[in-house]
Amino acid sequence: MPDAVHVGSGKVRELYALDDERLLLVASDRISTFDVVLPTEIPDKGRVLTGLSGFWFTRTHGLCSNHLLGLRADGRSTECRRLEMLPLECVVRGYLSGSGWTAYRESGVVCGIELRKGLVESDRLDEPILTPTTKATTGHDEPLTHAQAAELVGEERLNGVEQASIELYRFASDYAATRGILIADTKFEFGVDEKGRLVLADEIFTPDSSRFWPADEYEAGRGQASFDKQYVRDYAASLGWDKTYPGPELSEEVVAGTRARYVEAFERLTEIRFDDYLADPEVVLR
């Protein structure tokens, strides 16, 4: 790309500067679990993430401004606005799962929020909650209480982040439920533009940033089948891996199964054939 200068790498994405106001975010087919990038890639994964994010950005801009400027023809590259990113990962939980379930079993408290007694794994919470974490460049993200998060970004900014995060989650959860998917939890990243306004960035409501459960198989009290990378997490954990670098290679069966889950999530949520997206990525923006 002669018009782009490489400025950074993430677990999944490569970041390029196009000019002083625009960035190009390129989603690779890398997959990470427990904050470790695995040596095996998932074909077309980056295109699923890019297409779904474009789909959701288009439909949620009325709730919160976002960084999207356009999608490129490769289906994995997003042109976006430059922002000053907030040093938080904003996790919204509507169901009790993952690290939230682990914390609840230990203390009944998740990121400083005391939940009612008697909940079981995968229970729906009475109300969605924001459980922020650090944004670690290496190692694992660490949970933050409201007070700790406010120390990083300020009380007023955090309140704005919380309001936007909950509204976005409610909107997408209601939408996804009509297509047979429960969004158990999801992660947002926000930035601030040159006028100090809050702007949604990175990716939203993808199988990487969310737990997607098939609604017709949901049953509280156990782990759930999923369309997200929980399938990979479970496989990696079954190998006795200690969750540190380097991660394990994935089998052909797991690679194929993961790709199929990602593509099914894309097609269910967008009601667009994945092949149609590959032929014309801008179809998700209409």
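Starting from 1, each residue takes its place in the sequence as its number.
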Below 4.0 angstrom, N of the basic side chain to O of the carboxylate: do [X] and [Y] qualify?
{"X": "Arg268", "Y": "Glu264", "value": "yes"}
{"X": "Glu79", "Y": "Arg72", "value": "yes"}
{"X": "Glu155", "Y": "Arg157", "value": "no"}
{"X": "Glu142", "Y": "Lys135", "value": "no"}
{"X": "Arg179", "Y": "Glu271", "value": "yes"}
{"X": "Asp35", "Y": "Lys243", "value": "no"}
{"X": "Arg211", "Y": "Asp185", "value": "yes"}
{"X": "Arg76", "Y": "Asp29", "value": "yes"}
{"X": "Asp20", "Y": "Arg82", "value": "no"}
{"X": "Arg273", "Y": "Asp275", "value": "yes"}

Residues [X] and [Y]: side-chain donor-acceptor under 3.5 angstrom:
{"X": "Glu162", "Y": "Ser165", "result": "no"}
{"X": "Ser209", "Y": "Thr206", "result": "yes"}
{"X": "Arg93", "Y": "Ser99", "result": "yes"}
{"X": "Asn159", "Y": "Gln163", "result": "no"}

Assess whether ring pair (Phe, Tyr, Trp, His ring centres under 6.0 Å) is satisfied between Tyr95 and Trp213, documenting all intermediate values. CA-CA 11 Å; Tyr95 294 77; Trp213 294 342; 5.5 Å; yes

Is the positively charged end of Arg261 above the ring of Tyr231, judged by distance under 6.0 angstrom from the centroid and angle within 45° of the axis?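 That pair qualifies as a cation-pi contact.
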
Cluster partners of Leu23, using ILVMFWY side-chain heavy atoms under 4.5 angstrom, listed by chain and number?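 Leu23 clusters with Val7, Leu15, Leu25.
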
Side-chain heavy atoms under 4.5 angstrom apart, residues restricted to Ile, Leu, Val, Met, Phe, Trp, Tyr: same cluster for Ile272 and Phe57?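 The answer is yes; both residues are in one hydrophobic cluster.
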
Establish whether Leu182 and Ile204 are linked, either directly or via other cluster members, by ILVMFWY side-chain heavy-atom contacts under 4.5 Å.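 Linked within one cluster.
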
Please test Arg81 against Ser65 for side-chain hydrogen bond (donor to acceptor under 3.5 Å, both in side chains), starting from the C-alpha separation and ending with a verdict. CA-CA 11 Å; Arg81 290 192 278 161; Ser65 177; 2.8 Å; yes

Could you note down all residue pairs passing salt bridge (Lys or Arg N to Asp or Glu O under 4.0 Å) where residues 143-154 supplies at least one of them, sequence neighbours left out?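 Applying salt bridge (Lys or Arg N to Asp or Glu O under 4.0 Å) to every pair that reaches into residues 143-154, excluding sequence neighbours, yields nothing.
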
Are Leu83 and His67 close enough, and set up right, to give a side chain to side chain contact (heavy atoms under 4.5 Å, CB included), and what steps lead you there? CA-CA 8 Å; Leu83 303 168; His67 73 172; 4.0 Å; yes

Please examine the side chains of Thr78 and Leu68, heavy atoms only from C-beta on, and report whether any two atoms are closer than 4.5 Å.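 Contact flag for Leu68/Thr78 side chains = yes.
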
Heavy-atom side-chain contact between Ile42 and Leu250 under 4.5 Å: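 Yes, their side chains come closer than 4.5 Å.
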
Got a second to check how far Phe266's CZ is from Leu49's CG, nearest 0.5 Å?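 So the CZ of Phe266 and the CG of Leu49 are separated by 11.0 Å.
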
NZ of Lys11 to CZ of Arg30: how many Å apart, nearest 0.5 Å?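 Here the rounded value is 11.0 Å.
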
Identified side chain to side chain contact (heavy atoms under 4.5 Å, CB included) partner of Phe55 from the options Thr270, Val283, Leu285: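 For Phe55, the side chain to side chain contact (heavy atoms under 4.5 Å, CB included) check succeeds only for Thr270.
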
For His6, give me all partners under side chain to side chain donor-acceptor pair (under 3.5 Å), at least two apart in sequence or on another chain.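 Listed in chain order: Ser9, Glu14.
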
Ring pair (Phe, Tyr, Trp, His ring centres under 6.0 Å) between Tyr169 and Phe188: does it pass, once the steps are laid out? CA-CA 10 Å; Tyr169 175 80; Phe188 303 113; 8.1 Å; no

Could you go step by step and tell me if Tyr262 and Phe227 meet the ring pair (Phe, Tyr, Trp, His ring centres under 6.0 Å) rule? CA-CA 6 Å; Tyr262 274 55; Phe227 295 110; over 10 Å; no

Which atom pair, heavy atoms only, marks the closest approach of [X] to [Y]?
{"X": "Phe212", "Y": "Ala265", "value": "CD1-CB, 4.1 Å"}
{"X": "Asp228", "Y": "Ser210", "value": "CB-O, 3.3 Å"}
{"X": "Leu168", "Y": "Phe205", "value": "O-CZ, 3.4 Å"}

